[in-house]
Amino acid sequence: MKTKIPWWHFPLLLVVLGSLLPLIWMLATAWKTPEQVFNASLNPWPYPATAANFAYVMGAIPLGRYILNTFIIAFIVTAAKLLTSILAAYGFTQFSFRGRETLFYLCLLSIFVPFTVTMMPNYLFMSRMGWLNTYTGVALPQMADALGIFLLRQSIRSIPPSLVEAARLDRVGHGRILGRVLLPAIKPSLIALGILFFINTWNEYFWPLLMINDKSMYTLPLALQMFTNLEGGTNWGAMMAAATLASLPPVVAYLLAQRYVVDTFIHSGLKG
Amino acid sequence: MKIAREPGPKFAAIKGYLVPWGCLAPALAFLALFTFWPLVSTLKLSFYQWNMVSPTPKWVGLTNYLEILRSREFWLAFWHTLEYTLILLALNLALPYITAYILSHLVFKGQNFYRALIFLPSVLSLAVAAVIFLWLYNPLAGPVNALLRLLGLPAPPWLSSYRWVIPALAVITAWKSFGYNFIVLLAGLVAVPLELIEAARLEKASNWQIFWRIVRPLTSGTALYVLVMTVIIGSQYVFVPIQMLTNGGPDQASTNLVFFIYQYTFNFFQTGKAAAAAVITLIIFGGLLFLQKRVLEKGVYYEN
């Protein structure tokens, strides 16, 4: 058997390089002085490094407020999505009733409904309710997630049924079956899914763009737009510093739970 | 109903219905209210002329459809969407497919290292990706053009060039989505039984033959999922760099259908035309899904 061909590492390293280079340039530019930005744009190592860009960002925008806005929305959406997904996955796996499969596939179908088809009525609804420029307006339409239902249903199905049946015979209630038996067994998937929801909501741009035009309600991704709108004299160092700050929480969350996140995708059977 | 069928007091029967539906209700309610009802609502809006402000929308039948199908802007956006999609299929389906094949079947060391780093850009915001590339693409001092000049190659103004603006914006989206698609494809690829590949090796099949004749047919379910998502999500993702960096320009050279719908709704306040365009995209995607189902039924191998 032919094994281990080191040569094949070469294309993989090229892909890694392509993935990382833009990030390296973002980091480098964030720590450069304006002179370094323009005269040494190819140099990935700012020397001497300056923190002036970060100081500028903190002065130019209410950074703390934006972090808080982004965090609150991401937290509400993540908690709500986990809750509705857990309940739905429980409903789809622990009971059999007529139309169950149809209903499940209808849920899955929502993944394929493009955002453009739903954005206008949802915008009008929020506007009529007076929820523009509110957390409610951004968070409410995203409180259920078909992918979450799908993944958790998949995880619950992989638990040996004997575990749940034993609990049933002991006349244990639904709440305790869920809380004491099922949830502990699918903890890795829950963590991965929670992190994924959080990262995705943190990063969101399109829907908050429609919901929010009051600058004090901006999320971090929306705030980045303020740095591109300065025609002409764009402060590149500050822009990259702001991009770095906006990326920090998702990157840290990912690095802390990298194993869970990637493994959930590898093993959950997100295939077919 | 499993529990309801058991003989018992009436209360148990009611409870038997209550619990499963109570579990499903929250998720179903949100999906119905914010995904499926708006779908119907958009369909309705597409038959009316309305500016979002006037109290009464005016029924105009198919006029909105006829007008956008006759407009040059719509067809520009349509062809651009196709162009974006083709580039994204190459960069976000073919390329990660081959990369995942190399990692799962030709290289055995360093799997965790590669997985972790290649996935990294997909945890960033598209808004972050857009501003990073705005700098990378800067015509005067940006690193891309600095490098090209160093190599003595032409250095075009990427985002204001008719020829390059679409590839340049597509690359931004591709960079962000590559890692996610790569991981999903890798999940499918690691499930391919190794014995099959070893048998092929013994028959002296080349790596390319193994990929095309064995691995690809065995993972076509995953690949179709990534294909459909690349087409549907891709045109939505590419909206972010369009809106942030070019606003559809130069002279509409970078618009796509999503941006077209956004502009007609929120800049021109012509909800009818926007809704009609949204319905047309839905029909196109629906056709694609139908096609996927047909292809799936026709001899795609299901993993598991």
Side-chain angles (χ1 to χ4, degrees), chain A residues 1-2 4-5 8-9 11-12 15-16 19-20 22 25-26 29 38 41-42 84 87-88 90-91 95-97 107 110 112-118 120-122 141 143-144 149 174 199 203 205-206 221 224-225 227-228 236 239-240 243 246-247 250-251 254 258 262 265-266 269-272, chain B residues 1-2 19-20 23-24 26-27 30-31 34-35 38-39 41-42 99 102-103 106-108 114-121 123-128 131-132 134-136 141 143 146-147 175 183-184 187-188 198 201 221-222 232 236 240 244 258 261 265 271 275 278 281-282 285 289 302-303:
Chain A
M1 195 182 105
K2 236 181 348 176
K4 283 162 207 155
I5 315 155
W8 285 109
H9 282 287
L12 290 180
V15 171
V16 169
S19 303
L20 295 188
W25 253 264
M26 171 185 82
T29 311
F38 280 102
S41 70
L42 279 176
T84 56
L87 285 176
Y90 187 77
F95 307 93
S96 51
F97 50 89
C107 281
S110 74
F112 300 105
V113 175
F115 180 70
T116 40
V117 181
T118 58
M120 199 195 305
N122 282 342
M143 288 193 171
I149 299 171
H174 291 291
I199 289 175
N203 287 337
Y205 181 83
F206 203 161
L224 286 179
Q225 181 199 18
F227 290 90
T228 64
W236 296 105
M239 192 161 128
M240 292 303 131
S247 313
V251 170
Y254 167 65
Q258 181 262 328
V262 175
F265 279 103
I266 299 278
L270 185 72
K271 333 166 189 166
Chain B
M1 197 78 43
K2 210 187 235 170
V19 177
C23 286
L24 296 176
F30 280 116
L31 291 178
F34 294 109
T35 304
L39 201 149
S41 186
T42 296
T99 313
I102 293 175
L103 184 59
L106 300 174
V107 166
F108 297 92
Y114 286 120
R115 269 165 22 177
L117 290 182
I118 293 175
F119 192 72
L120 189 58
V123 307
L124 298 180
S125 174
L126 273 165
V128 168
V131 297
I132 294 176
L134 183 62
W135 165 239
L136 295 183
L147 183 69
W175 178 70
I183 290 293
V184 172
E198 272 159 29
R201 286 254 159 77
T222 313
I232 297 179
Q236 199 170 299
V240 176
M244 284 183 86
V258 175
I261 296 164
T265 314
T271 55
T281 48
L282 186 71
F285 289 157
L289 277 179
Y302 276 101
E303 295 100 298

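Here the structure is a predicted model, which means the values were calculated and not measured. Just so it is clear: chains get the letters A, B, ... in the order the sequence lines come, proteins before strands, and each one is counted from 1.
To the nearest 0.5 Å, the span separating CG on A:Leu224 from CG on B:Leu134 amounts to 11.0 Å.
Listed here is the closest heavy atom pair of B:Val19 and A:His174: CG1-CD2, 3.6 Å. Smallest separation of non-hydrogen atoms from A:Met240 and B:Val131: CE-O, 3.1 Å. Across all their heavy atoms, B:Val258 and A:Phe206 have their closest contact at CG1-CE1, 3.6 Å.
Heavy atoms closer than 4.5 Å to chain A are found in the side chain of B:Thr281, but not in its backbone. For a residue to count as touching a neighbouring chain, one of its non-hydrogen atoms must lie under 4.5 Å from one of that chain's; by this rule B:Leu136 touches chain A with the side chain only. With a threshold of 4.5 angstrom between heavy atoms, B:Thr265 approaches chain A through side-chain atoms but not through N, CA, C or O. Residue contact with chain B, scored on non-hydrogen atoms closer than 4.5 Å, involves the backbone and the side chain of A:Met143 alike. Both the backbone and the side chain of B:Leu120 come within contact range of chain A, judged by heavy atoms closer than 4.5 Å.
Heavy-atom pairs under 4.5 Å with chain B peak, among A:Pro141, A:Cys107, A:Pro221, at A:Pro141. Considering only heavy-atom pairs separated by less than 4.5 Å from chain B, the leading option among A:Ile199, A:Thr84, A:Leu20, A:Asn122 is A:Asn122. Taking B:Ile102, B:Leu117, B:Leu103, B:Ile232 one by one and counting their heavy-atom pairs under 4.5 Å with chain A, the maximum is reached by B:Ile102. For chain B, the option among A:Pro114, A:Ala243, A:Ser247, A:Pro22 with the highest count of heavy-atom pairs below 4.5 Å is A:Pro22. Here A:Met120 is the residue among A:Met26, A:Met239, A:Met120, A:Gln258 with the most heavy-atom pairs under 4.5 Å with chain B. Heavy-atom pairs under 4.5 Å with chain B were tallied for A:Ala88, A:Ala246, A:Pro11; the largest tally goes to A:Ala88. Options B:Ser125, B:Pro26, B:Ala27 differ in how many heavy-atom pairs under 4.5 Å they form with chain A, and the most are formed by B:Ser125. Considering only heavy-atom pairs separated by less than 4.5 Å from chain A, the leading option among B:Ala278, B:Pro143, B:Ala127, B:Ser41 is B:Pro143. Heavy-atom pairs under 4.5 Å with chain B were tallied for A:Val113, A:Leu12, A:Thr116, A:Leu87; the largest tally goes to A:Leu12.
Between B:Trp135 and A:Trp236, the angle of the ring planes lies from 30° to 60°, which puts this pair in the tilted group.
With A:Asn203 contributing its side chain and B:Val123 its backbone, the two residues share a donor-acceptor pair below 3.5 Å. Between the side chain of A:Tyr254 and the backbone N or O of B:Ala116, at least one donor-acceptor pair lies under 3.5 Å. A distance-only check finds a donor-acceptor pair linking the side chain of B:Thr42 to the backbone of A:Val117 [under 3.5 Å].
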#### Entry: Working for side-chain contact (heavy atoms from CB on, under 4.5 Å), residues A:Val16 and B:Tyr114
CA-CA 7 Å; A:Val16 169; B:Tyr114 286 120; 3.6 Å; yes
### Query
Would A:Tyr205 and B:Val240 count as a side-chain contact (heavy atoms from CB on, under 4.5 Å) if you check the C-alpha gap in whole Å, the side-chain angles of each, and the deciding distance to 0.1 Å?
CA-CA 7 Å; A:Tyr205 181 83; B:Val240 176; 3.6 Å; yes
### Task
In sequence, state the C-alpha distance, the side-chain angles, and the governing distance for B:Leu24 and A:Phe97, and then conclude on side-chain contact (heavy atoms from CB on, under 4.5 Å).
CA-CA 12 Å; B:Leu24 296 176; A:Phe97 50 89; 3.4 Å; yes
